[in-house]
Enquirer: 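Sharing a structure here in structure tokens format.
Model, not experiment: these values are computed from the prediction. Along the sequence shown, residues are numbered consecutively beginning with 1.
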Amino acid sequence: MTIKTILFYSLSEDSPQDNGVQTNQYSSISPPASPVAQEEPFSTYFEDKVHIPEDVSQVFSFRKLWAFTGPGFLMSIAYLDPGNIESDLQSGAKAGFKLLWVLLGATIIGLLLQRLAARLGVVTGMHLAEVCNRQYPTVPRIILWMMVELAIIGSDMQEVIGCAIALNLLSVGRIPLWAGVLITITDTFVFLFLDKYGNLKLSLIVTVSNIFQYVLVKPNQAELLKGMFLPYCAGCGPVQLEQAVGIVGAVIMPHNIYLHSALVKSRDIDRKNKKEVKEANKYFFIESTIALFISFLINVFVVAVFAQAFYNKTNADVNESCNKTGSPHTDLFPLNNNTLEVDIYKGGVVLGCVFGPAALYIWAIGILAAGQSSTMTGTYSGQFVMEGFLNLRWSRFARVLLTRSIAITPTLLVAIFQDVQHLTGMNDFLNVLQSMQLPFALIPILTFTSLTSIMNDFANGLVWKISGGIVILVVCAINMYFVVVYVTSLNSVLLYVFAALLTVAYLCFVGYLAWHCLVALGVSCLDFGSRVSNRPAVLIEEPSEYDS
């Protein structure tokens with residue numbers, strides 16, 4: 001099976017004519033022209049763009065939808081990585097079905113943000129990192145690149161942790177965690193193999209694994225629907241509030257915005273033709289909606305399984321179940337009446353204790369498949385970000401080897417010198433890390449899609465500007481609350497001081513990006529010396545070394 005089967009059509013770099021400076025009435029920016037790139041064409045992805053059928057005159061065509069299908073499904077894999085799955089199971093175990101409406105809301109917000117990312121790529125022919133490279137000055141651009149790279153590495157670490165835990169569970173502890181971490185080095189070769197033969201099988205394994213658990217547990221459908229569509233959390237306290245914030249942080253990921261804006265460039269769209277651009281925006285939005293709906297259902301399955309089986313359960317309850325089945329992991333659950341706390345590792349053990357060993361193994365296989373498949377989205381994101389911000393073109397092998405090596409080092413140290421509780425606890429820190437990076441994707445995407453000098457007829461209207469600004473403000477505020485809660489739980493004065501210093505620098509940079517964004521949204525009184533202006537002018541105000 002080829003990558004075309006998974007994405008349904010191939011991804012590609014721009015066609016040769018796109019490598020030159022090209023302007024048209026619908027976009028005043030275009031990819032930079034590099035003499036080196038023109039003399040020695042190099043593609044980190046695929047050679048040909050997907051052709052869109054032209055002999056269809058209907059308002060809606062399944063043939064055209066099929067042609068546009070692929071980028072959204074690849075993007076949606078990131079919504080099913082081990083970090084998301086852990087957030088889901090903790091939500092079910094701590095709040096039952098009560099936070100499903102938060103998951104639904106976060107997914108809808110994610111869809112709207114992905115829509116903006118796709119529109120930027122379709123209208124301009126450039127992805128978000130490339131636009132940032134041409135819009136922001138050098139120092140902010142480098143800082144922005146470093147922040148996005150941190151988010152990608154954090155996501156990769158979660159994949160390493162998930163795979164290591166899955167291998168430990170599948171081997172009944174025979175493969176220690178440190179060995180599982182080392183084994184994930186082979187993800188480099190697995191990724192290259194999947195890139196050639198297809199990633200669909202792993203995604204299917206994740207889906208089947210969670211459907212099996214859902215059918216086995218038989219969640220209460222009435223409670224499920226109530227939790228999904230009734231935005232209320234009766235009897236909830238700080239624990240449930242933190243979990244709700246964690247759901248938003250796990251679902252909306254910064255590097256996915258950069259990824260989606262690049263993937264849509266794989267379709268052969270005439271950007272000079274307004275009708276084609278409008279049609280592409282429509283079909284990409286439909287495809288993204290379908291893809292995220294499927295990923296949402298899988299996330300719901302995980303929440304529902306743990307809500308039905310383990311909400312309000314105590315350690316003593318699970319200890320008794322483990323004793324009955326002869327589980328070797330009984331010592332994980334002391335004989336007390338404390339509320340059960342689960343993570344990816346304990347979640348699998350609990351399933352095995354209550355529903356039998358088969359449930360544990362199927363859970364572990366699903367986690368392993370999720371970690372492996374989400375490697376693809378992280379690698380693609382890293383590739384596009386590096387090429388866009390720095391104009392560096394590495395092979396996929398070198399890129400995944402670099403990020404995986406960086407991710408493995410701290411994870412391996414924790415796995416060697418600590419235990420599984422500390423390893424799974426790293427997921428909390430990584431969720432905080434990715435939450436902090438959200439403004440560095442959300443603010444730029446709203447900025448650039450609101451500029452008529454970039455998007456022209458496709459720039460955000462007043463409703464989208466206001467609603468987009470409110471959504472980003474709320475998401476960033478929620479995630480900052482998550483960060484504050486995490487830092488205050490560390491109970492260390494030294495860490496408080498260090499966090500305070502970082503916070504000042506962090507807020508200054510976010511404020512800089514927000515200033516540009518407000519100018520783009522039309523707050524003209526702030527337009528003093530900003531490189532971002534809504535006046536109809538070309539994006540680049542200064543010559544670049546890549547301009548011809």
Side-chain angles (χ1 to χ4, degrees), residues 11 44-45 71-84 87 106-107 109-111 113-118 120-121 126-133 141-160 162 187 191 199 248-265 288 291-292 295 370-371 373-390 392 394 396 399-400 402-404 406-407 427 429-446 448 472 475-476 479 513:
L11 306 173
T44 52
Y45 295 94
F73 276 88
L74 179 55
M75 168 274 298
S76 69
I77 292 174
Y79 284 71
L80 298 172
D81 69 359
N84 275 286
S87 175
T107 305
I109 291 174
L111 172 63
L113 294 171
Q114 299 297 159
R115 174 185 180 271
L116 293 181
L120 180 70
M126 300 179 70
H127 57 75
L128 180 56
E130 290 175 314
V131 179
C132 289
N133 182 31
R141 183 171 69 241
I142 297 299
I143 296 174
L144 197 58
W145 168 70
M146 293 173 64
M147 295 299 100
V148 179
E149 286 288 356
L150 277 177
I152 294 171
I153 292 170
S155 176
D156 206 48
M157 288 180 67
Q158 289 183 314
E159 292 153 16
V160 171
D187 279 357
F191 170 76
N199 193 48
V248 177
V251 168
I252 304 173
M253 291 162 289
H255 62 281
N256 229 24
I257 306 295
Y258 287 86
L259 173 66
H260 201 187
S261 67
L263 294 177
V264 297
K265 293 171 58 179
S288 299
L292 288 187
S295 68
S373 61
S374 54
T375 297
M376 177 174 283
T377 60
T379 302
Y380 276 132
S381 301
Q383 191 79 41
F384 290 129
V385 164
M386 181 175 288
E387 291 178 4
F389 277 108
L390 306 179
L392 292 178
W394 286 13
R396 282 162 288 170
R399 171 69 203 183
V400 72
L402 173 66
T403 56
R404 184 48 51 95
I406 295 173
N427 268 327
F429 169 76
L430 294 173
N431 282 333
V432 170
L433 178 66
Q434 293 192 71
S435 295
M436 293 182 67
Q437 312 312 315
L438 271 174
F440 308 128
L442 304 192
I443 295 177
I445 196 63
L446 180 62
F448 300 136
I472 290 175
V475 169
C476 291
N479 283 281
L513 296 178

Enquirer: Going by side-chain hydrogen bond (donor to acceptor under 3.5 Å, both in side chains), name the residues that satisfy it together with N256, two or more places apart in sequence or in a different chain.
Expert: none
Enquirer: Using the ring-ring contact (aromatic ring centres under 6.0 Å, His included) criterion, which residues pair with H255? Sequence neighbours excluded.
Expert: none
Enquirer: Nearest 0.5 Å, please: how far is CG in L128 from CZ in F384?
Expert: 12.5 Å
Enquirer: Between H127 and L120, what is the shortest heavy-atom contact and its length?
Expert: C-CD2, 4.5 Å
Enquirer: Rounded to the nearest 0.5 Å, how far does CD of E130 lie from OH of Y258?
Expert: 12.5 Å
Enquirer: Using a 4.5 Å cut-off on heavy atoms from C-beta on, say whether the side chain of M75 contacts that of S288.
Expert: yes
Enquirer: Out of curiosity, H260 NE2 to S76 OG, how far, rounded to the nearest 0.5 Å?
Expert: 9.0 Å
Enquirer: Please report the shortest heavy-atom distance between C476 and P439, naming the atom on each side.
Expert: SG-CG, 3.7 Å
Enquirer: Would you give the length of the straight line joining atom CD of E159 to atom OG of S374, rounded to the nearest 0.5 angstrom?
Expert: 3.5 Å
Enquirer: Could you check L438, L442, L446 and say which one makes a side-chain contact (heavy atoms from CB on, under 4.5 Å) with L113?
Expert: L442
Enquirer: Measure across N84 and A78 and return the closest heavy-atom pair with its distance rounded to 0.1 Å.
Expert: ND2-O, 3.1 Å
Enquirer: In Å, rounded to the nearest 0.5 Å, how long is the span from CD1 of I472 to CD1 of I252?
Expert: 10.0 Å
Enquirer: Tell me every residue that passes ring-ring contact (aromatic ring centres under 6.0 Å, His included) with Y79, counting only those two or more places apart in sequence or in another chain.
Expert: none
Enquirer: First locate atom CZ of F389, then atom CG of L144, and finally report the distance between them rounded to the nearest 0.5 Å.
Expert: 4.0 Å
Enquirer: Answer yes or no: is there a side-chain heavy-atom contact under 4.5 Å between P444 and F440?
Expert: no
Enquirer: For Q434, give me all partners under side-chain hydrogen bond (donor to acceptor under 3.5 Å, both in side chains), at least two apart in sequence or on another chain.
Expert: Q158
Enquirer: With a cut-off of 3.5 Å and sequence neighbours excluded, list every side-chain donor-acceptor pair involving residues 145-154.
Expert:
| residue | atom | partner | partner atom | Å |
| --- | --- | --- | --- | --- |
| W145 | NE1 | E149 | OE2 | 3.0 |
| E149 | OE1 | R399 | NH2 | 2.8 |
| E149 | OE2 | R399 | NH1 | 3.1 |

Enquirer: Would a distance-only check, ignoring hydrogens and angles, find a side-chain to backbone donor-acceptor pair under 3.5 Å from N133 to L390?
Expert: no
Enquirer: Just jot down the side chain to side chain contact (heavy atoms under 4.5 Å, CB included) partners of L80, sequence neighbours excluded, or say none.
Expert: S295, I298, N299
